Chemist: 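I am attaching a structure below and will ask some questions about it afterwards.
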Amino acid sequence: MISVFHLIIAFFISLITSLLITYPVMTLARKIGALDQPNERKVHEKVTPRLGGLGMFSGVIAGLLYLQPNHPEIMAIALGSLIIVLTGVLDDKYELRPVTKLLGQLTAALVLVLSGLVIEVITVPFFGMVSLGYLSIPITILWIVGVTNAINLIDGLDGLASGVSTIAISSILVMAIIDSRLLVVYLCVVLIGSNIGFLFHNFHPAKIYMGDTGSLFLGYSIAVISMLGLFKNLALFSFIIPMIVLAVPILDTTFAIVRRIYNKESIMRPDKKHIHYQLLAAGFSHRATVLIIYCFSTIFGILAILFLNGSTTTYYVIMFFSLFLIQLFAEIVSPGGRKRKPLLTLLNKVIPLDKVIQKL
């Protein structure tokens with residue numbers, strides 16, 4: 001039985017811990033030189049401390065110490081989280097090579113796999129439950145590493161990764177409550193509280209960045225809770241639900257990989273063509289850009305919740321609307337100006353986005 005009172009207490013413990021611990025983390029980051037330097041690829045113009053993920057991690061630990069969840073894989077999840085956070089801390093301080101960071105992510109993923117936490121079954125329309133068999137291990141590792149890097153890649157503007165993650169986790173929380181998955185509820189509550197506490201320091205103009213410490217930890221955490229909750233649900237199309245919840249980071253990452261392969265560039269080479277950079281180039285302010293992406297994330301989150309227990313007709317309506325949003329998303333992400341973006345032009349006639357959002 002889920003005690004709402006204890007969840008509220010845990011939420012505020014995580015929020016306050018994250019908010020307060022971030023102050024000494026800022027001092028620590030400056031002292032050890034874990035600083036984000038401005039350059040041509042970044043939008044900030046002043047040196048800003050990183051390591052903000054330590055504050056978030058502290059908030060999650062504090063909340064879980066209060067809730068004390070009991071689950072067979074909780075120690076493996078904790079160990080994997082620690083490996084991810086240490087990888088992020090080293091990267092924020094020493095700027096590790098991409099291969100070294102990937103090794104840290106693979107190690108954390110293997111800890112989970114060895115504990116027995118894998119994606120074993122998916123539900124496919126017209127086929128029902130499909131056992132993945134030997135593919136369960138590589139698919140699990142791919143999912144963990146993929147989601148971890150997807151959150152890492154959207155961490156390009158103040159408050160963006162933290163806010164998008166909070167929206168995604170909130171969607172998973174609603175579905176976990178509906179599905180009575182206690183551990184997922186606990187993890188979601190403390191992650192949301194910790195994120196909101198950190199956002200106090202990170203929303204534009206940011207005083208500190210989460211760095212890879214935070215973005216890798218958030219991505220890893222979302223991958224884990226989706227495995228514990230969303231992939232365990234046996235509803236029709238259940239394998240699509242986590243894709244919808246994380247549509248914004250997954251689509252942005254997918255477009256980035258395709259774009260770099262098409263341009264014969266390394267897929268690990270950073271660029272300024274992600275969705276947030278395209279919105280900035282279109283003339284939206286820093287804060288407005290973040291709020292637009294928040295809106296996209298919220299809509300996809302709501303669609304995922306509706307997907308959970310909807311009828312077959314509902315599934316297809318949601319799929320159609322999701323495809324519309326994906327096309328709109330693709331038009332925003334694709335470079336080359338607004339002239340060749342029919343959906344954006346049509347939507348702007350119905351809702352004068354330029355005038356509404358610029359006021360933000």
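In this text, all values refer to a predicted model and were calculated from it rather than measured experimentally.
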Chemist: So, do Val224 and Ile144 sit near enough that their side-chain heavy atoms are less than 4.5 Å apart?
Modeler: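 No, their side chains stay 4.5 Å or more apart.
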
Chemist: Considering only heavy atoms from C-beta outward, does the side chain of Phe198 approach that of Ile208 to under 4.5 Å?
Modeler: yes

Chemist: Can a donor-acceptor pair be found, under 3.5 Å and without considering hydrogens, that links the side chain of Thr140 to the backbone of Val118?
Modeler: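 No, the answer is negative, given that no donor and acceptor are paired below the 3.5 Å cut-off.
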
Chemist: For a 4.5 angstrom cut-off between non-hydrogen side-chain atoms, does Leu7 reach Tyr186?
Modeler: yes

Chemist: Could you point out which residue of Val145, Val147, Leu112, Ile151 forms a side-chain contact (heavy atoms from CB on, under 4.5 Å) with Tyr220?
Modeler: Leu112

Chemist: Is there a side-chain contact between Arg181 and Leu228 (heavy atoms, below 4.5 Å)?
Modeler: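 Not in contact.
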
Chemist: List the steps and the verdict of side chain to side chain contact (heavy atoms under 4.5 Å, CB included) for Val290 and His204.
Modeler: CA-CA 9 Å; Val290 172; His204 186 70; over 6 Å; no

Chemist: Distance-only, no hydrogens or angles: does the Ser136 side chain make a donor-acceptor pair with backbone N or O of Gly133 under 3.5 Å?
Modeler: yes

Chemist: Side chain to side chain contact (heavy atoms under 4.5 Å, CB included) for Ile302 and Ser171? Distances and angles first, verdict last.
Modeler: CA-CA 7 Å; Ile302 293 171; Ser171 303; over 6 Å; no

Chemist: Which residue in the set Val190, Val164, Ile222 passes side-chain contact (heavy atoms from CB on, under 4.5 Å) when paired with Ile169?
Modeler: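 Exactly one pass, corresponding to Ile222.
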
Chemist: Among pairs that include at least one residue of residues 196-215, which meet salt bridge (charged side-chain N to carboxylate O under 4.0 Å, His left out), considering only residues two or more places apart or in two chains?
Modeler: Lys101-Asp212

Chemist: Apply side chain to side chain contact (heavy atoms under 4.5 Å, CB included) to Ile32 and Lys93, showing your working.
Modeler: CA-CA 7 Å; Ile32 68 173; Lys93 175 65 177 76; 4.1 Å; yes

Chemist: Quick check for you: to the nearest 0.5 Å, what is the distance between Ile196 atom CD1 and Ile16 atom CD1?
Modeler: 12.0 Å

Chemist: What do you reckon, is CZ of Phe12 surrounded by more than 12 foreign heavy atoms closer than 6.0 Å?
Modeler: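 Check fails, neighbour count at 12 or below.
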
Chemist: Using atom types as modelled and distance alone, determine if a side-chain donor or acceptor of Asp155 lies under 3.5 Å from a backbone N or O of Ala161.
Modeler: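 Side chain of Asp155 to backbone of Ala161, a donor-acceptor pair under 3.5 Å: no, none is there.
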
Chemist: Mind checking side-chain hydrogen bond (donor to acceptor under 3.5 Å, both in side chains) for Ser215 and listing every partner two or more places apart, or none if nothing turns up?
Modeler: Asn152

Chemist: Are side-chain heavy atoms of Val245 and Phe300 found at a separation under 4.5 Å?
Modeler: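 A side-chain contact under 4.5 Å is absent here.
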
Chemist: Among Ile, Leu, Val, Met, Phe, Trp and Tyr joined by side-chain contacts under 4.5 Å, find the other residues sharing a cluster with Tyr134 and list them by chain and number.
Modeler: none

Chemist: Would you say that Asp36 contacts Val47 through its side chain, given a criterion of any heavy-atom pair below 4.5 Å between the two side chains?
Modeler: no

Chemist: Over all heavy atoms of both residues, which pair between Gly104 and Ile83 is shortest? Give the atoms and the distance, please.
Modeler: O-CG2, 3.6 Å

Chemist: Carefully, step by step, assess His201 and Leu19 under the rule side chain to side chain contact (heavy atoms under 4.5 Å, CB included).
Modeler: CA-CA 8 Å; His201 304 282; Leu19 189 152; 4.1 Å; yes

Chemist: I need the full list of salt bridge (charged side-chain N to carboxylate O under 4.0 Å, His left out) pairs touching residues 65-78, with sequence neighbours left out, sorted by first then second residue.
Modeler: none

Chemist: Quick one: does any side-chain atom of Ser18 pair with a main-chain N or O of Ser194 as donor and acceptor, under 3.5 Å?
Modeler: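 Yes: the side chain of Ser18 pairs with the backbone of Ser194.
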
Chemist: Quick test of your reading: applying ring pair (Phe, Tyr, Trp, His ring centres under 6.0 Å), list the pairs with at least one residue in residues 57-100, sequence neighbours left out, ordered by first then second residue.
Modeler: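 Residue pairs passing ring pair (Phe, Tyr, Trp, His ring centres under 6.0 Å), neighbours aside: His6-Tyr66, Phe57-Phe217.
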
Chemist: Does some side-chain heavy atom of Ile305 sit less than 4.5 Å from a side-chain heavy atom of Met175?
Modeler: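 Yes - at least one pair of side-chain heavy atoms lies under 4.5 Å apart.
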
Chemist: If the condition is side-chain hydrogen bond (donor to acceptor under 3.5 Å, both in side chains), which residues does Thr22 pass it with, not counting sequence neighbours?
Modeler: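 Per chain and number, Thr22 pairs via side-chain hydrogen bond (donor to acceptor under 3.5 Å, both in side chains) with no residue.
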
Chemist: Quick one: CE on Met56 to OG on Ser162, what's the gap to the nearest 0.5 Å?
Modeler: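 Between atom CE of Met56 and atom OG of Ser162 there are 4.5 Å.
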
Chemist: Using modelled atom types only, decide if a donor and an acceptor are shared between the side chain of Ser180 and the backbone of Ala176 within a distance under 3.5 Å.
Modeler: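 Not a single qualifying donor-acceptor pair exists.
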
Chemist: Under 6.0 Å from the CG atom of Leu153, do we count more than 12 heavy atoms belonging to anything else shown?
Modeler: yes

Chemist: Consider only side-chain N and O atoms of Thr213 and Asp92, and report whether a donor and an acceptor are under 3.5 Å apart.
Modeler: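 A pair is found: one side chain offers a donor N or O, the other an acceptor, under 3.5 Å apart.
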
Chemist: Quick one: are Phe11 and Leu15 in side-chain contact, heavy atoms under 4.5 Å?
Modeler: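 Phe11 vs Leu15: side chains touch.
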
